[in-house]
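Worksheet: the structure to be examined is printed underneath.
For this chain, numbers begin at 1 and follow the sequence in order.
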Amino acid sequence: MSVTLLSSPLQGFTDFRFRNAFHKHFGGIDTFYSPYIRLNGKLEIKASYERDILPENNTTLEVIPQIITNDADEFLFVAKYVQSLGYKELNWNLGCPYPMVAKCGMGSGLISNTERINNILDRAHSETDIIVSMKMRMGYENASEILDVFPILEKYPIKNIAIHARIGKQLYKGPVDLDSFQRCLDVSKHKLYYNGDITSVEKFREMQERFPSIDHFMIGRGLIADPFLPSMIKNNTTEYPEDRFKIFNAFHDEIYQAYDAFLQGPTPIRMKMLGFWEYFSEAFPDTQKTFKKIKKAQNSRVYEQAVKEIFSSASK
């Protein structure tokens, strides 16, 4: 069975600059989901969201825009906006676990509100012709919440539901709940995608063996920590390319230059790259030493020298 790999959207990381560079240097991802659009009660699209999904910024990729909302008017507004850009599908985020989102009744905090979910889906399907897909956790408080949503979802022609096999309260801590994911498979009539802790080829193979009916797998943090992972899964190998760190270095330099040209001042670019290196450092022999070296770099010159030394050492 052929496998489709999808990039799970991560706020602050997987924007168009990252996606384009990733696709160019590593490949392996069939479809990217954009980080979610959030309106906060105003029917306006922020410039940063617009830049991220403009077709001219995503010419070599298949990208699906995503929205996070608990309001039908917001959903319809964004649906019509992305359609005006040529998109046919809008992914609805009912998965975000962060308390500041969940406590507002959005992301995974919306899963227990079946009435509101039904209202939004009803209006989305009666007032637009957008294709709706969903990304969900199994609940916020407990993994049975999603089971109460499935009867609502069955009423609508949802394209697919990607399920992260944790509850919102876990954030990213603790193990994925594979038994509860299996219950979702047993109950839902929709096409389900698996998401959660695919961090190595071995982990992927475990999930593939556990859920043989799943042919779409979503990779989130694992994709940033090991950018070679999707192509290695596709090629069914655990062997890295011989020039692994040369490729990684070229990818790093491309995103660094892209963000440096966009962000204003030394502090924003330092914080942006520090966020990436929390994941990148996992690809190097001494993770702690690597990340410590980046953290100590207080300006661009020192940062660039640190990066040069890290890649040079890893390539030996």
If I compare all heavy atoms of [X] with all of [Y], which pair ends up nearest, and what's the gap?
| X | Y | value |
| --- | --- | --- |
| I167 | A143 | CG2-N, 3.5 Å |
| M207 | G196 | CE-O, 4.4 Å |
| E89 | S133 | OE2-OG, 2.6 Å |
| Q83 | I130 | CG-CD1, 3.4 Å |
| M136 | L153 | SD-CD1, 4.1 Å |
| T199 | L229 | C-CD2, 3.7 Å |

Side-chain contact test, heavy atoms from C-beta onward, threshold under 4.5 Å: evaluate it for [X] versus [Y] and give yes or no.
| X | Y | answer |
| --- | --- | --- |
| S313 | K293 | no |
| H190 | E154 | yes |
| F280 | I294 | no |
| K191 | D215 | yes |
| Y98 | Q11 | no |
| I53 | I37 | yes |
| C96 | M106 | no |
| L274 | K295 | yes |

* Asked: Under a 4.0 Å N-O cut-off, is there an ion pair linking K234 with D30?
  ->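 Yes, K234 and D30 are salt-bridged.
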From [atom1] ([X]) to [atom2] ([Y]), nearest 0.5 Å:
| X | Y | atom1 | atom2 | result |
| --- | --- | --- | --- | --- |
| T290 | E282 | OG1 | CD | 11.0 Å |
| F228 | H25 | CZ | NE2 | 10.5 Å |
| I68 | W92 | CD1 | CH2 | 10.5 Å |
| S2 | H216 | OG | NE2 | 8.5 Å |
| I198 | M218 | CD1 | CE | 10.0 Å |
| Q305 | I310 | CD | CD1 | 10.5 Å |

If you count the non-hydrogen atoms of other residues, nucleotides and ligands that lie under 6.0 Å from [atom1] in [X], is the total more than 12?
| X | atom1 | value |
| --- | --- | --- |
| K203 | NZ | no |
| K155 | NZ | yes |
| E56 | CD | yes |
| K169 | NZ | no |
| E242 | CD | no |

Using the rule that Ile, Leu, Val, Met, Phe, Trp and Tyr join whenever any side-chain heavy atoms are under 4.5 Å apart, tell me whether [X] and [Y] fall into a single cluster.
| X | Y | result |
| --- | --- | --- |
| I29 | Y193 | no |
| I269 | Y279 | yes |
| L6 | V82 | no |
| Y140 | I163 | no |
| L85 | V132 | yes |

* **Matching residue for L90 among T128, V78, I131 - test: side-chain contact (heavy atoms from CB on, under 4.5 Å)** =>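 Option passing the side-chain contact (heavy atoms from CB on, under 4.5 Å) with L90: V78.
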Backbone N or O of [Y] within a donor-acceptor pair of the [X] side chain at under 3.5 Å?
| X | Y | result |
| --- | --- | --- |
| N299 | V302 | yes |
| N249 | F311 | no |
| T114 | V149 | no |
| S84 | Y81 | yes |
| D243 | K246 | no |
| Q170 | P175 | yes |

* To do: Please say which of R166, K135, R137 ends up in a side chain to side chain donor-acceptor pair (under 3.5 Å) with N195.
  => K135
* **Trace of the salt bridge (charged side-chain N to carboxylate O under 4.0 Å, His left out) decision for R17 with D52** => CA-CA 8 Å; R17 299 172 187 87; D52 191 48; over 6 Å; no
* **side chain to side chain contact (heavy atoms under 4.5 Å, CB included) assessment of F217 paired with I233** => CA-CA 11 Å; F217 292 86; I233 289 172; over 6 Å; no
Side chains of [X] and [Y]: do they bring a donor and an acceptor to under 3.5 Å?
| X | Y | result |
| --- | --- | --- |
| D71 | T69 | no |
| E254 | N20 | no |
| N57 | R51 | no |
| D186 | Q182 | yes |
| N91 | Y36 | no |

* From W277, Y303, F262, residue fulfilling ring-ring contact (aromatic ring centres under 6.0 Å, His included) relative to Y256 -> Y303
* ring-ring contact (aromatic ring centres under 6.0 Å, His included) partner of F18, chosen from F32, F251, F13 ->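 Among the candidates, only F251 passes.
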* To do: Report the C-alpha separation of T267 and R270 in whole Å, then their side-chain angles, then the decisive distance to 0.1 Å, and conclude whether the side chain to side chain donor-acceptor pair (under 3.5 Å) test is met.
  => CA-CA 5 Å; T267 300; R270 178 176 175 271; over 6 Å; no
* To do: Could you please spell out the steps behind the side chain to side chain contact (heavy atoms under 4.5 Å, CB included) verdict for K272 and D260?
  => CA-CA 9 Å; K272 170 66 79 173; D260 193 37; over 6 Å; no
* Full working for ring-ring contact (aromatic ring centres under 6.0 Å, His included) between F291 and F284 -> CA-CA 10 Å; F291 189 54; F284 294 83; over 10 Å; no
* Verify side chain to side chain contact (heavy atoms under 4.5 Å, CB included) between R221 and L10, making sure each step is shown before the conclusion. => CA-CA 8 Å; R221 295 167 300 149; L10 292 172; 4.2 Å; yes
* **side chain to side chain contact (heavy atoms under 4.5 Å, CB included) evaluation trace for F248 with Y240** => CA-CA 11 Å; F248 204 152; Y240 288 94; over 6 Å; no
